[in-house]
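Every value quoted in this text rests on a predicted model; they were computed, and no experiment measured them. Reminder, nothing fancy here: chain letters follow the sequence lines and each chain counts from 1.
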Protein chains: 2
Amino acid sequence: MTTTPTGDQALIKRINTAIVLETILRGAPLSRAAISERSGLNKATVSSLVQDLIDGSLVREIGTGASSGGRKPVMLEFIADAGHAVGIDLGVNYIRGVLTDLRGTVVAERTLPLKRLEPEPVTGELFRCIDSLISDAPPSAYGIAGIGVGVPGLVDEAGSVLFAPNLKWRGVPLRRLLDGRYGLPVTIDNEANAGALGEQIFGAGRRIDNLVYVSVGIGIGTGLILHKKLYKGASGFSGEMGHLSVNAFGEPCSCGNRGCWEMYASERALLEKASALGYEELEALLAAAEAGREDVLGLLEEIGEFLGIGIANIVNVFNPDAVVIGNRMSMARPWIETSLRRTVVQRTLGFHLRNVQLLFAELGERSAMLGAAQMAIAGFFDRLKASTS
Amino acid sequence: MTTTPTGDQALIKRINTAIVLETILRGAPLSRAAISERSGLNKATVSSLVQDLIDGSLVREIGTGASSGGRKPVMLEFIADAGHAVGIDLGVNYIRGVLTDLRGTVVAERTLPLKRLEPEPVTGELFRCIDSLISDAPPSAYGIAGIGVGVPGLVDEAGSVLFAPNLKWRGVPLRRLLDGRYGLPVTIDNEANAGALGEQIFGAGRRIDNLVYVSVGIGIGTGLILHKKLYKGASGFSGEMGHLSVNAFGEPCSCGNRGCWEMYASERALLEKASALGYEELEALLAAAEAGREDVLGLLEEIGEFLGIGIANIVNVFNPDAVVIGNRMSMARPWIETSLRRTVVQRTLGFHLRNVQLLFAELGERSAMLGAAQMAIAGFFDRLKASTS
DNA sequence: TTAGTTTGTCTATCCAATAAACTAAGTTTC
DNA sequence: GAAACTTAGTTTATTGGATAGACAAACTAA
C-alpha cells in the first residue's frame with residue numbers, strides 16, 4: 001500500500017510554522033510585521049504561529065526595535081540554546097567531538113587520539129567523549145537534540161558501518177549502540193557526506209545549492225549535495241569517487257578496479273612517493289615545501305595535477321556550482337592549487353567550466369565534525385516539522 | 001526576496017486532488033469508495049474532488065462494478081484522451097515524432113530523414129512533422145497539452161540549444177521558435193535525458209527510482225534519474241559522461257580532456273575500428289556478427305569491455321538501482337553483453353554491485369521520442385497541480 | 001496638541017476536510 | 001419474498017486553519 005500523506009489543516013499549519021521559523025532563522029532579529037511581509041502570510045497568522053513558537057521555547061521576544069514613525073516593533077529571535085547537538089568525526093586515529101547549539105555554534109570541543117582500532121575500544125572512547133560533551137551542555141528546553149557521527153566508511157540506512165577499510169570494521173551497528181546507550185536520535189553517515197554538509201552550512205560552500213566535497217585524506221571520499229540535499233545512492237551510499245578509475249589500464253586496486261583515482265591523488269599516494277625522498281608524514285613534507293625544497297615542490301605539483309584530473313571528471317559529470325577540496329590535503333593548498341586549477345581548466349568542457357568554482361575547505365579538519373552536528377540539528381528540525389504542533 | 005509559497009486551503013485541495021487523480025491513474029477502474037480507502041481521504045472528500053475532476057474532463061464514470069453484498073460501485077477512469085502530447089526525437093540524420101494521449105499511449109507516429117543539418121532546414125522539417133502530428137489529434141477537452149523535444153546537445157533552462165556538436169548547432173533558441181509558432185507549452189531537453197525518462201516510464205526502468213540511462217550512439221550521453229526526478233546540474237546540463245576520462249594519459253579528445261570514454265566505447269569508436277575490416281555501418285557490422293565472423297565478434301567483445309569500464313565508474317559514483325543501455329548500441333546486445341557484464345562485475349565495488357541491475361533499453365530507438373512526449377505530459381500535470389483548481 | 005504611521009490583536013468570515021448520519025441499492029438468509 | 005445485512009455514495013454539522021479588515025496601542029513629526 002502506498003498511502004501518500006494526505007493534506008489537511010494540520011499540514012498547512014506545519015508548513016506555515018516552518019516558514020515563520022525559517023524566516024526568523026534567516027533574518028533575526030525580526031518583528032512580526034516584518035515576518036508577515038517577507039513570508040506573505042497574514043499578520044494575524046504570523047502572530048498566532050509566533051505565539052506557538054514562543055510557547056514551544058523556540059523563539060523569544062528581545063525588546064523593541066527602532067520605529068520609523070509608528071509603534072515600535074517587538075523584535076523576535078530564535079532561541080539557539082533551546083537545545084544542543086553532538087557532532088562526532090570518527091577518524092582513523094582520532095575522535096573529534098563537538099557540542100553545538102541549534103544554530104551550530106560551538107559550545108564545547110574535544111579531540112582525543114585513538115590507539116586501537118577494534119570496534120570495542122573505539123566505541124569505549126567514543127562513549128566517553130560523548131558523555132563528556134553531554135555533561136558540558138547547559139540545561140535547556142529540549143536538552144540534547146541528537147547525535148551525529150561521520151565515519152570513514154560505507155554506512156547503510158540503519159546506521160550500521162558496513163565497511164570501513166582503514167578501521168578494518170565490518171558490520172558494526174553504530175547507531176544501535178549509541179541509541180541504546182543514550183536513547184537519543186542518532187544519525188550516522190560517511191565522513192565525506194558529513195564534511196560536505198559542514199562546508200555547505202558553515203564553510204566555503206555556504207548557500208551553494210549543488211556542490212561536491214572532495215575529502216582527500218588517506219583515501220579519497222566525496223560528498224554530493226544536489227539541490228541543497230545530500231545525495232545518497234540507491235542503497236544509501238554513493239560517492240565512492242576515490243575508486244573512479246582514471247586509468248583503465250593502470251595498476252590493479254584493492255577494490256577490483258584498475259587505476260583508481262585515489263591511487264594517484266590521495267595522501268597515501270603522496271606519502272608513498274615521498275618516502276623515497278625521506279619523508280614519512282604529510283606535515284614534514286609540507287614543512288619541506290615551505291622551506292622551498294625543489295623535489296618536494298615537484299611532488300606536490302604532480303599531486304595537484306592528479307587531483308585536477310579527477311575533479312575535471314567530477315565537473316563534467318555533475319556540473320556542480322562548486323567543488324570543495326577538504327580534509328588533510330587542503331593543508332597543501334599553497335603548493336597544489338596552481339597545477340590543480342590548470343589541469344581542471346584544460347580538461348573540463350567549456351560550458352561547465354564557465355560556472356564552477358574551485359574552493360578549498362574553510363573548516364579544515366573540522367568540516368566533518370561540524371557537519372555531523374548539523375546532521376543532528378537537521379534531524380531535530382525535521383522531527384519538529386513532522387510533529388502535529 | 002525568497003517568498004516561499006505559503007500554505008493555505010487551496011494548497012490542501014491541490015494536494016488532495018493530485019492524490020485522487022494519481023490513485024485513479026494507478027488503479028483504474030476504481031470506485032469512489034476504493035479511492036477513499038487507498039488514499040486515506042474521507043469518502044465525502046473523495047466524492048467532492050472526483051466531481052471536480054469530472055467537471056474538469058479528466059475523469060469519467062464508466063458504469064457499475066461488481067458488488068460483494070451491497071450497493072454496486074460506480075467505476076471511474078482517467079480520460080486518457082482528454083488531451084494529447086507531441087514528443088520529438090531530433091536526431092543527427094532523422095526526426096522521429098509521436099503523438100500520444102495523456103497516458104503516453106501512441107496515437108500517431110512519423111519518422112523522416114534529415115538531409116541538411118543547418119538550423120533553418122531542420123526547423124522547417126520539424127515544423128512540418130509537428131504540424132502533421134497535431135493534425136492527427138482528435139478533438140479533445142484540452143487539445144494539445146504540450147510539445148517535448150529531445151536534442152543531441154546541451155540545452156539551457158530557456159530551452160536554447162547551446163551546443164550540439166553533431167548538428168553543428170550553437171545557440172539555437174528552439175523553445176522560443178516552437179513556442180512562437182504553436183503557442184503551446186514546449187519542453188526541450190537533452191536526448192539522453194529524454195531517453196532516461198522514456199525508459200523509466202515506459203521501458204526497462206519502469207518504477208525504478210534511481211537509474212542511469214547510457215545513450216550509446218555516435219557519442220555517449222547519459223541521463224540521470226535520481227529520487228525519481230531527472231537530475232540536471234547547476235546550470236541545467238550535466239551528465240556529459242561521454243567525456244569522463246577513463247584513461248588520463250590517453251589520446252587528446254576534442255573536448256580538451258584525454259582518453260574520454262566515448263573515444264573507446266561509442267558507435268563512432270566501433271566504426272573506426274570496423275572500417276579496417278571493411279564495414280562502414282553498424283547494421284552491416286551486426287549482420288556480420290550474426291553470420292559468425294570471428295574478427296567482428298572480437299571487435300564487439302572489446303566494445304563491450306570498454307562500455308563496462310565506464311559503467312563500472314558510473315556504478316561506483318552513483319550507486320543507482322539500475323543502468324540502462326540505450327540508443328543504437330543496444331542493438332548489439334547479443335554480442336556485447338557477456339564481456340560488458342564481466343567487466344562491470346570485475347571493476348565495481350562489491351557493496352554497490354549487490355544491488356544494481358544492468359538492463360538494455362526496451363524501447364530501442366524510440367526511448368527519447370517517448371520520453372520527450374512524457375516531458376510534455378508531465379508539464380501538463382504540473383500546470384494542473386499548480387493552478388488554483 | 002494634532003495628524004499621520006506602524007505594530008500587533010481581535011472579530012467575523014471563508015473554506016476544505018471530516019465524522020456521523022443518512023439515503024440508495026444491492027445480496028444473503030431462512 | 002421479507003427481513004437482515006452490506007456496501008456505495010451524499011448530506012449535514014462541526015472543526016480548525018487562514019484571511020481581510022477593523023481596531024487599539026504606541027510611536028513620530030510638526
Side-chain angles (χ1 to χ4, degrees), chain A residues 3-20 23-24 27 29-55 59-76 385 387-389, chain B residues 3-20 23-24 27 29-55 59-76 385 387-389:
Chain A
T3 315
T4 328
T6 74
D8 60 357
Q9 307 239 66
L11 174 67
I12 293 189
K13 190 163 187 181
R14 285 204 304 274
I15 291 174
N16 289 340
T17 305
I19 290 174
V20 169
T23 309
I24 296 174
L30 223 53
S31 70
R32 290 169 174 82
I35 295 169
S36 167
E37 205 177 334
R38 293 197 190 184
S39 65
L41 290 164
N42 186 280
K43 285 193 298 174
T45 309
V46 171
S47 268
S48 156
L49 296 177
V50 163
Q51 192 52 53
D52 288 353
L53 289 171
I54 290 175
D55 293 345
V59 164
R60 74 177 138 223
E61 301 184 337
I62 51 162
T64 57
S67 156
S68 62
R71 174 173 166 180
K72 283 183 176 170
V74 177
M75 305 312 272
L76 303 165
K385 281 183 208 165
S387 69
T388 331
S389 77
Chain B
T3 315
T4 327
T6 73
D8 59 358
Q9 307 236 68
L11 173 67
I12 293 190
K13 191 163 186 180
R14 286 204 303 273
I15 291 174
N16 289 340
T17 306
I19 290 174
V20 169
T23 309
I24 296 174
L30 223 53
S31 69
R32 289 169 175 81
I35 295 169
S36 167
E37 204 176 334
R38 292 196 191 186
S39 65
L41 290 165
N42 187 279
K43 285 195 297 174
T45 308
V46 171
S47 269
S48 157
L49 296 177
V50 162
Q51 193 53 53
D52 289 352
L53 289 170
I54 290 175
D55 293 344
V59 164
R60 74 178 139 223
E61 301 184 336
I62 51 163
T64 56
S67 156
S68 62
R71 173 173 167 180
K72 285 183 175 171
V74 177
M75 305 313 270
L76 303 165
K385 280 183 210 167
S387 69
T388 332
S389 79

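Rounded to whole Å, atom C1' of dG9(D) lies 7 Å from atom CZ of R32(B). Straight-line distance from the CD1 atom of I15(A) to the P atom of dG17(D): 13 Å, rounded to whole Å. Rounded to whole angstrom, the span from the CD atom of E61(A) across to the P atom of dT7(C) amounts to 15 Å. Straight-line distance from the CD atom of Q9(B) to the P atom of dC15(C): 9 Å, rounded to whole Å. When rounded to the nearest whole Å, the span between CG of L49(A) and P of dG16(D) equals 16 Å. For M75(A) and dG8(C), the CE to P distance is 8 Å, given to the nearest whole Å. Distance I12(B) CD1 to dG16(D) C1': 10 Å, rounded to the nearest Å. Rounded to whole angstrom, the span from the CG atom of L11(A) across to the P atom of dG16(D) amounts to 16 Å.
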Donor-acceptor contacts under 3.5 Å from residues 40-51 of chain B side chains, at least two apart:
{"residue": "N42(B)", "atom": "OD1", "partner": "A44(B)", "partner atom": "N", "Å": "2.8"}
{"residue": "Q51(B)", "atom": "NE2", "partner": "D55(B)", "partner atom": "OD1", "Å": "3.1"}

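In terms of heavy atoms, S67(A) sits closest to G69(A) at OG-N, 2.9 Å.
A search for side-chain contact (heavy atoms from CB on, under 4.5 Å) contacts involving L53(A) returns T17(A), V20(A), L21(A), L58(A), V59(A), not counting sequence neighbours. R60(B) is linked by a side chain to side chain donor-acceptor pair (under 3.5 Å) to E77(B), counting only residues two or more places apart in sequence or in another chain. Under the side chain to side chain donor-acceptor pair (under 3.5 Å) criterion, E61(B) pairs with R32(B), not counting sequence neighbours.
As judged by a 4.0 angstrom heavy-atom cut-off over every strand, V74(B) is placed among residues touching the sugar-phosphate backbone only. Within 4.0 Å (heavy atoms only), S36(B) reaches no atom of the nucleic acid at all. At the heavy-atom level, S68(A) lies under 4.0 Å from the strands shown only through sugar-phosphate atoms.
Summarising the geometry, atom CE belonging to M75(A) is positioned 7.0 Å from atom CD1 belonging to I62(A); distances are rounded to the nearest 0.5 Å.
Across all strands shown, the partner of dT11(D) is dA20(C), judged by Watson-Crick or G-U wobble contacts whose two distances both fall under 3.5 Å.
For the pair R38(B)/L30(B), a side-chain contact is recorded, criterion being any heavy-atom separation below 4.5 Å from C-beta on.
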* What string of B, S and - do you get for nucleotides 19-27 of chain D 5' to 3' if you count protein non-hydrogen atoms under 4.0 Å? -> BB---BBBB

